[in-house]
Amino acid sequence: MTRIFAYIALLVMLLTCSATTILAQGNAISEVSAGNFFGVGGRAVGMSEAVVVSSLDGTAIVYNPAALVRIMRPEFYAGLSNEKVSNSSSYGSSVARNDFSKTRLSSLNLAVPVPTYRGSFVVAFGVNRTMSFDRTYTFLYPGLNGSEKALEEGNGGIREWSAAAAVELSPRVSVGATLTYFHGSEDYYWDYSSFVFNDTGGDPPSYSLRNVDNIKSRYSAIGARLGMIVEANPYLSFGFMVESPKRFNVKQDYIQRTVLNGNLDVTPGSYEYVLQHPYSTMLAV
(Lines give C-alpha, C1' and ligand atoms only; values in the text may rest on other atoms or scores of the structure.)
Protein backbone atom coordinates (compact mmCIF):
# COMPACT_ATOMS: atom_id res chain seq x y z
CA MET A 1 0.00 0.00 0.00
CA THR A 2 2.93 2.31 0.72
CA ARG A 3 4.08 1.87 -2.86
CA ILE A 4 0.65 2.90 -4.16
CA PHE A 5 0.70 6.13 -2.17
CA ALA A 6 4.23 6.81 -3.45
CA TYR A 7 2.99 6.55 -7.03
CA ILE A 8 0.07 8.87 -6.26
CA ALA A 9 2.47 11.40 -4.75
CA LEU A 10 4.57 11.18 -7.92
CA LEU A 11 1.52 11.94 -10.03
CA VAL A 12 0.69 15.02 -7.96
CA MET A 13 4.29 16.23 -8.21
CA LEU A 14 4.35 15.80 -11.98
CA LEU A 15 1.07 17.65 -12.33
CA THR A 16 2.36 20.54 -10.22
CA CYS A 17 5.70 20.81 -12.01
CA SER A 18 4.12 20.76 -15.44
CA ALA A 19 1.65 23.58 -14.75
CA THR A 20 2.16 26.30 -17.31
CA THR A 21 1.35 29.99 -17.29
CA ILE A 22 0.96 31.76 -20.62
CA LEU A 23 1.70 35.48 -20.83
CA ALA A 24 1.16 37.57 -23.92
CA GLN A 25 1.62 41.19 -24.82
CA GLY A 26 0.54 43.29 -27.77
CA ASN A 27 -2.50 42.65 -29.92
CA ALA A 28 -4.30 39.33 -29.68
CA ILE A 29 -3.86 37.06 -32.69
CA SER A 30 -6.44 34.45 -33.61
CA GLU A 31 -4.70 31.19 -34.53
CA VAL A 32 -6.93 28.40 -35.72
CA SER A 33 -4.84 25.61 -34.13
CA ALA A 34 -4.76 27.19 -30.66
CA GLY A 35 -7.16 25.50 -28.26
CA ASN A 36 -8.36 23.28 -31.07
CA PHE A 37 -8.97 19.63 -30.14
CA PHE A 38 -11.26 17.41 -32.20
CA GLY A 39 -12.24 14.38 -30.11
CA VAL A 40 -11.27 10.90 -31.28
CA GLY A 41 -13.68 8.01 -30.70
CA GLY A 42 -17.35 8.21 -29.73
CA ARG A 43 -16.85 6.62 -26.30
CA ALA A 44 -13.96 8.90 -25.44
CA VAL A 45 -15.83 12.04 -26.52
CA GLY A 46 -18.79 11.06 -24.36
CA MET A 47 -16.60 10.49 -21.30
CA SER A 48 -14.64 13.74 -21.62
CA GLU A 49 -11.42 13.72 -19.52
CA ALA A 50 -12.48 10.58 -17.63
CA VAL A 51 -11.17 8.61 -20.60
CA VAL A 52 -7.63 9.32 -19.32
CA VAL A 53 -8.11 6.56 -16.75
CA SER A 54 -10.65 4.35 -18.55
CA SER A 55 -9.55 4.05 -22.19
CA LEU A 56 -10.04 0.51 -23.50
CA ASP A 57 -9.00 0.68 -27.16
CA GLY A 58 -6.51 2.17 -29.61
CA THR A 59 -7.61 5.74 -28.88
CA ALA A 60 -5.31 5.45 -25.83
CA ILE A 61 -2.58 6.62 -28.23
CA VAL A 62 -4.20 10.06 -27.96
CA TYR A 63 -5.65 10.13 -24.43
CA ASN A 64 -3.25 8.07 -22.29
CA PRO A 65 -0.78 5.59 -23.79
CA ALA A 66 -0.50 3.76 -20.45
CA ALA A 67 -3.99 2.33 -21.07
CA LEU A 68 -2.72 0.31 -24.03
CA VAL A 69 -1.71 -2.48 -21.59
CA ARG A 70 -5.41 -3.38 -21.33
CA ILE A 71 -5.44 -4.63 -24.93
CA MET A 72 -5.02 -8.40 -24.70
CA ARG A 73 -5.06 -9.34 -28.39
CA PRO A 74 -4.16 -7.61 -31.70
CA GLU A 75 -6.69 -4.87 -32.35
CA PHE A 76 -7.42 -2.68 -35.35
CA TYR A 77 -9.50 0.42 -34.67
CA ALA A 78 -11.13 2.64 -37.33
CA GLY A 79 -13.44 5.59 -36.86
CA LEU A 80 -15.39 8.19 -38.82
CA SER A 81 -16.38 11.70 -37.81
CA ASN A 82 -19.18 13.95 -38.99
CA GLU A 83 -19.39 17.71 -38.62
CA LYS A 84 -22.56 19.61 -39.36
CA VAL A 85 -22.42 23.41 -39.13
CA SER A 86 -25.15 25.95 -39.78
CA ASN A 87 -24.58 29.71 -39.73
CA SER A 88 -27.03 32.48 -40.53
CA SER A 89 -27.54 36.18 -39.94
CA SER A 90 -30.53 38.39 -40.55
CA TYR A 91 -31.26 42.08 -40.83
CA GLY A 92 -34.89 42.93 -41.24
CA SER A 93 -36.28 40.64 -43.93
CA SER A 94 -32.83 39.88 -45.42
CA VAL A 95 -31.18 36.60 -44.40
CA ALA A 96 -27.70 35.24 -45.18
CA ARG A 97 -27.13 31.53 -44.54
CA ASN A 98 -24.40 28.98 -45.15
CA ASP A 99 -24.41 25.30 -44.10
CA PHE A 100 -22.12 22.32 -44.53
CA SER A 101 -21.89 18.70 -43.44
CA LYS A 102 -18.63 16.75 -43.73
CA THR A 103 -17.86 13.11 -42.99
CA ARG A 104 -14.19 12.16 -42.70
CA LEU A 105 -11.99 9.24 -41.71
CA SER A 106 -10.87 10.22 -38.21
CA SER A 107 -8.90 7.24 -36.88
CA LEU A 108 -6.85 4.23 -37.95
CA ASN A 109 -5.06 2.54 -35.04
CA LEU A 110 -3.31 -0.80 -34.70
CA ALA A 111 -2.33 -2.19 -31.28
CA VAL A 112 -0.32 -5.40 -30.89
CA PRO A 113 0.47 -7.09 -27.54
CA VAL A 114 4.01 -8.45 -27.35
CA PRO A 115 4.31 -11.90 -25.68
CA THR A 116 5.81 -11.59 -22.19
CA TYR A 117 6.42 -13.99 -19.29
CA ARG A 118 4.62 -11.66 -16.91
CA GLY A 119 2.47 -8.55 -17.18
CA SER A 120 1.66 -6.78 -20.41
CA PHE A 121 3.65 -4.97 -23.08
CA VAL A 122 1.83 -3.42 -26.05
CA VAL A 123 3.03 -1.44 -29.06
CA ALA A 124 0.69 0.63 -31.22
CA PHE A 125 0.70 2.70 -34.38
CA GLY A 126 -1.97 5.01 -35.67
CA VAL A 127 -3.15 8.13 -37.44
CA ASN A 128 -5.84 10.31 -35.82
CA ARG A 129 -7.43 13.59 -36.88
CA THR A 130 -7.28 15.65 -33.68
CA MET A 131 -7.75 19.21 -35.02
CA SER A 132 -10.51 20.41 -37.33
CA PHE A 133 -10.36 23.67 -39.27
CA ASP A 134 -13.81 23.27 -40.86
CA ARG A 135 -15.92 26.35 -40.16
CA THR A 136 -18.10 28.97 -41.83
CA TYR A 137 -19.41 32.46 -41.13
CA THR A 138 -21.61 34.78 -43.15
CA PHE A 139 -23.47 38.06 -42.74
CA LEU A 140 -25.53 40.48 -44.79
CA TYR A 141 -26.31 44.14 -44.08
CA PRO A 142 -28.66 45.89 -46.52
CA GLY A 143 -28.51 49.55 -45.48
CA LEU A 144 -30.41 52.52 -46.87
CA ASN A 145 -27.36 54.04 -48.54
CA GLY A 146 -25.46 50.88 -49.29
CA SER A 147 -24.92 47.26 -48.37
CA GLU A 148 -22.32 44.86 -46.96
CA LYS A 149 -21.99 41.11 -47.13
CA ALA A 150 -19.28 38.60 -46.32
CA LEU A 151 -18.55 34.89 -46.37
CA GLU A 152 -15.76 33.18 -44.44
CA GLU A 153 -14.90 29.49 -44.80
CA GLY A 154 -12.20 27.22 -43.45
CA ASN A 155 -11.43 23.68 -44.53
CA GLY A 156 -8.87 21.14 -43.34
CA GLY A 157 -7.33 19.85 -40.13
CA ILE A 158 -4.30 18.25 -38.49
CA ARG A 159 -3.61 14.55 -38.19
CA GLU A 160 -1.32 12.83 -35.72
CA TRP A 161 0.94 10.07 -37.02
CA SER A 162 1.89 8.18 -33.87
CA ALA A 163 3.90 5.30 -32.47
CA ALA A 164 3.31 4.25 -28.87
CA ALA A 165 4.27 1.63 -26.31
CA ALA A 166 3.02 0.73 -22.84
CA VAL A 167 4.21 -1.66 -20.13
CA GLU A 168 2.99 -2.84 -16.73
CA LEU A 169 5.45 -1.99 -13.96
CA SER A 170 3.36 -4.01 -11.53
CA PRO A 171 -0.13 -5.54 -11.54
CA ARG A 172 -1.50 -2.14 -10.49
CA VAL A 173 0.77 0.33 -12.25
CA SER A 174 1.28 0.88 -15.98
CA VAL A 175 3.15 3.54 -17.94
CA GLY A 176 3.23 4.43 -21.61
CA ALA A 177 4.59 6.90 -24.13
CA THR A 178 3.52 8.20 -27.54
CA LEU A 179 5.75 9.89 -30.10
CA THR A 180 3.75 11.92 -32.63
CA TYR A 181 4.32 13.78 -35.88
CA PHE A 182 1.64 16.42 -36.47
CA HIS A 183 0.86 17.31 -40.07
CA GLY A 184 -2.03 19.07 -41.75
CA SER A 185 -3.28 22.06 -43.69
CA GLU A 186 -5.99 24.70 -43.86
CA ASP A 187 -7.66 26.29 -46.87
CA TYR A 188 -9.06 29.66 -45.85
CA TYR A 189 -11.45 31.75 -47.93
CA TRP A 190 -12.77 35.27 -47.22
CA ASP A 191 -15.10 37.17 -49.55
CA TYR A 192 -16.23 40.65 -48.51
CA SER A 193 -18.06 43.21 -50.59
CA SER A 194 -19.63 46.58 -49.89
CA PHE A 195 -21.48 49.23 -51.84
CA VAL A 196 -22.08 52.80 -50.70
CA PHE A 197 -24.32 55.29 -52.48
CA ASN A 198 -23.31 58.92 -52.08
CA ASP A 199 -26.61 60.80 -51.59
CA THR A 200 -24.95 64.19 -51.08
CA GLY A 201 -24.35 64.72 -54.77
CA GLY A 202 -20.61 64.23 -54.43
CA ASP A 203 -18.28 62.58 -56.93
CA PRO A 204 -18.17 59.66 -57.38
CA PRO A 205 -21.88 58.96 -56.91
CA SER A 206 -21.18 55.47 -55.61
CA TYR A 207 -18.35 53.42 -54.14
CA SER A 208 -17.90 49.65 -54.49
CA LEU A 209 -15.30 47.39 -52.92
CA ARG A 210 -14.70 43.64 -52.94
CA ASN A 211 -11.93 41.76 -51.15
CA VAL A 212 -11.32 38.06 -51.80
CA ASP A 213 -8.56 36.32 -49.81
CA ASN A 214 -7.32 32.76 -50.28
CA ILE A 215 -4.78 31.45 -47.76
CA LYS A 216 -3.22 27.98 -47.79
CA SER A 217 -1.51 27.07 -44.50
CA ARG A 218 0.62 23.97 -43.87
CA TYR A 219 1.37 22.80 -40.32
CA SER A 220 4.00 20.40 -38.98
CA ALA A 221 5.35 19.60 -35.53
CA ILE A 222 6.72 16.82 -33.32
CA GLY A 223 5.36 16.03 -29.86
CA ALA A 224 5.22 13.38 -27.17
CA ARG A 225 2.84 12.13 -24.48
CA LEU A 226 3.67 10.32 -21.25
CA GLY A 227 0.97 8.53 -19.30
CA MET A 228 0.50 6.54 -16.10
CA ILE A 229 -2.37 4.59 -14.56
CA VAL A 230 -2.40 3.53 -10.90
CA GLU A 231 -5.07 1.16 -9.60
CA ALA A 232 -5.22 1.87 -5.86
CA ASN A 233 -7.93 -0.78 -5.37
CA PRO A 234 -10.65 -2.44 -7.46
CA TYR A 235 -12.84 0.66 -7.06
CA LEU A 236 -10.34 3.51 -7.32
CA SER A 237 -7.88 4.27 -10.12
CA PHE A 238 -5.82 7.32 -11.05
CA GLY A 239 -4.88 8.28 -14.61
CA PHE A 240 -2.36 10.95 -15.50
CA MET A 241 -1.17 12.20 -18.90
CA VAL A 242 1.24 15.00 -19.76
CA GLU A 243 1.78 16.27 -23.30
CA SER A 244 5.00 17.99 -24.28
CA PRO A 245 5.14 21.46 -25.83
CA LYS A 246 4.71 21.50 -29.60
CA ARG A 247 6.58 23.84 -31.91
CA PHE A 248 4.51 24.15 -35.07
CA ASN A 249 6.19 25.30 -38.25
CA VAL A 250 3.56 27.10 -40.32
CA LYS A 251 4.00 27.95 -44.00
CA GLN A 252 1.41 30.09 -45.75
CA ASP A 253 0.76 31.06 -49.35
CA TYR A 254 -1.85 33.70 -50.01
CA ILE A 255 -3.53 35.59 -52.83
CA GLN A 256 -5.42 38.79 -52.09
CA ARG A 257 -7.73 40.17 -54.74
CA THR A 258 -9.18 43.65 -54.39
CA VAL A 259 -11.70 45.20 -56.78
CA LEU A 260 -12.22 48.92 -56.15
CA ASN A 261 -14.76 50.62 -58.38
CA GLY A 262 -14.10 48.04 -61.08
CA ASN A 263 -10.28 48.14 -60.85
CA LEU A 264 -8.67 44.79 -59.99
CA ASP A 265 -5.49 44.49 -57.90
CA VAL A 266 -3.95 41.06 -57.19
CA THR A 267 -1.33 40.60 -54.44
CA PRO A 268 0.25 37.15 -54.00
CA GLY A 269 2.74 36.28 -51.29
CA SER A 270 4.02 33.74 -48.80
CA TYR A 271 5.55 33.70 -45.35
CA GLU A 272 6.50 31.37 -42.50
CA TYR A 273 6.22 31.56 -38.75
CA VAL A 274 6.62 29.37 -35.66
CA LEU A 275 3.77 28.73 -33.25
CA GLN A 276 4.49 27.34 -29.77
CA HIS A 277 1.83 25.25 -28.01
CA PRO A 278 2.53 24.83 -24.26
CA TYR A 279 2.48 21.78 -22.01
CA SER A 280 -0.90 20.27 -21.25
CA THR A 281 -1.84 17.81 -18.52
CA MET A 282 -4.87 15.72 -17.62
CA LEU A 283 -5.61 13.93 -14.36
CA ALA A 284 -8.65 11.71 -13.80
CA VAL A 285 -9.87 9.48 -11.01
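For this chain, numbers begin at 1 and follow the sequence in order. If you're wondering where the values come from, they're calculated on a predicted model, not measured in any experiment.
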Next on the checklist: According to a hydrophobic-cluster definition based on side-chain heavy atoms being under 4.5 Å apart (Ile, Leu, Val, Met, Phe, Trp, Tyr only), do V230 and L169 belong together?
Outcome noted: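 Looking at the clustering, L169 is in the same group as V230.
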Checklist entry - Would S86 and R97 satisfy side chain to side chain contact (heavy atoms under 4.5 Å, CB included), going step by step from the backbone distance to the final call? => result CA-CA 8 Å; S86 177; R97 185 180 184 90; 2.9 Å; yes
Item to check | Test side chain to side chain contact (heavy atoms under 4.5 Å, CB included) applied to V112 and F125, step by step | outcome: CA-CA 9 Å; V112 181; F125 307 90; over 6 Å; no
Is any side-chain heavy atom of [X] closer than 4.5 Å to a side-chain heavy atom of [Y]?
X    : Y    : value
F76  : L108 : yes
Y181 : S220 : yes
D134 : F38  : no
F238 : M228 : no
V53  : S237 : yes
S147 : S194 : no
Y77  : N128 : no
L283 : T281 : no

Got a donor-acceptor contact below 3.5 angstrom from the [X] side chain to the [Y] backbone?
X    : Y    : result
R159 : G184 : no
Y63  : V40  : yes
S107 : G79  : no
N87  : T138 : yes
T178 : I61  : yes
N249 : V274 : no
S244 : A224 : yes
N36  : S132 : yes

Out of curiosity, [X] [atom1] to [Y] [atom2], how far, rounded to the nearest 0.5 Å?
X    : Y    : atom1 : atom2 : value
L226 : F240 : CG    : CZ    : 8.5 Å
Y192 : E152 : OH    : CD    : 14.0 Å
K149 : S193 : NZ    : OG    : 5.0 Å
I215 : W190 : CD1   : CH2   : 11.5 Å
F182 : S162 : CZ    : OG    : 7.0 Å
E186 : N155 : CD    : CG    : 8.5 Å

Output yes when [X] and [Y] qualify as a salt bridge under the 4.0 Å nitrogen-oxygen rule, no when they do not.
X    : Y    : result
E153 : K102 : no
D191 : R210 : yes
R43  : D57  : no

Next on the checklist: Test side chain to side chain contact (heavy atoms under 4.5 Å, CB included) on D187 and F133; report intermediate values, then the result.
Outcome noted: CA-CA 8 Å; D187 288 315; F133 299 153; over 6 Å; no
Work out which heavy atom in [X] is nearest to a heavy atom in [Y]; give both atom names and the distance.
X    : Y    : result
G156 : R104 : N-NH2, 4.2 Å
L80  : L105 : CD2-CA, 3.8 Å
R225 : T180 : NH1-OG1, 3.8 Å
Q252 : S217 : NE2-OG, 2.8 Å
N82  : T103 : ND2-OG1, 2.8 Å
L68  : A165 : CD1-N, 4.5 Å

Checklist entry - Is there a side chain to side chain contact (heavy atoms under 4.5 Å, CB included) between L179 and I222 once you walk through the steps? => result CA-CA 8 Å; L179 181 64; I222 294 176; 4.2 Å; yes
Checklist entry - With respect to R257, which candidate in D213, N211, D265, N214 satisfies the side-chain hydrogen bond (donor to acceptor under 3.5 Å, both in side chains) definition? => result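 By the side-chain hydrogen bond (donor to acceptor under 3.5 Å, both in side chains) criterion, R257 pairs with just one of D213, N211, D265, N214: N214.
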Looking at [X], I'd like to know if its [atom1] atom is crowded, meaning that more than 12 non-hydrogen atoms belonging to other residues, nucleotides or ligands lie closer than 6.0 Å.
X    : atom1 : answer
R218 : CZ    : yes
K216 : NZ    : yes
R247 : CZ    : no

Checklist entry - Relative to F248, does K246 satisfy both conditions: NZ or CZ under 6.0 angstrom from the six-membered ring centre, and within 45 degrees of the ring's axis? => result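 Not flagged: K246 not positioned over aromatic ring of F248.
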Item to check | side chain to side chain donor-acceptor pair (under 3.5 Å) between S120 and R70, intermediate numbers included | outcome: CA-CA 8 Å; S120 175; R70 296 170 175 167; over 6 Å; no
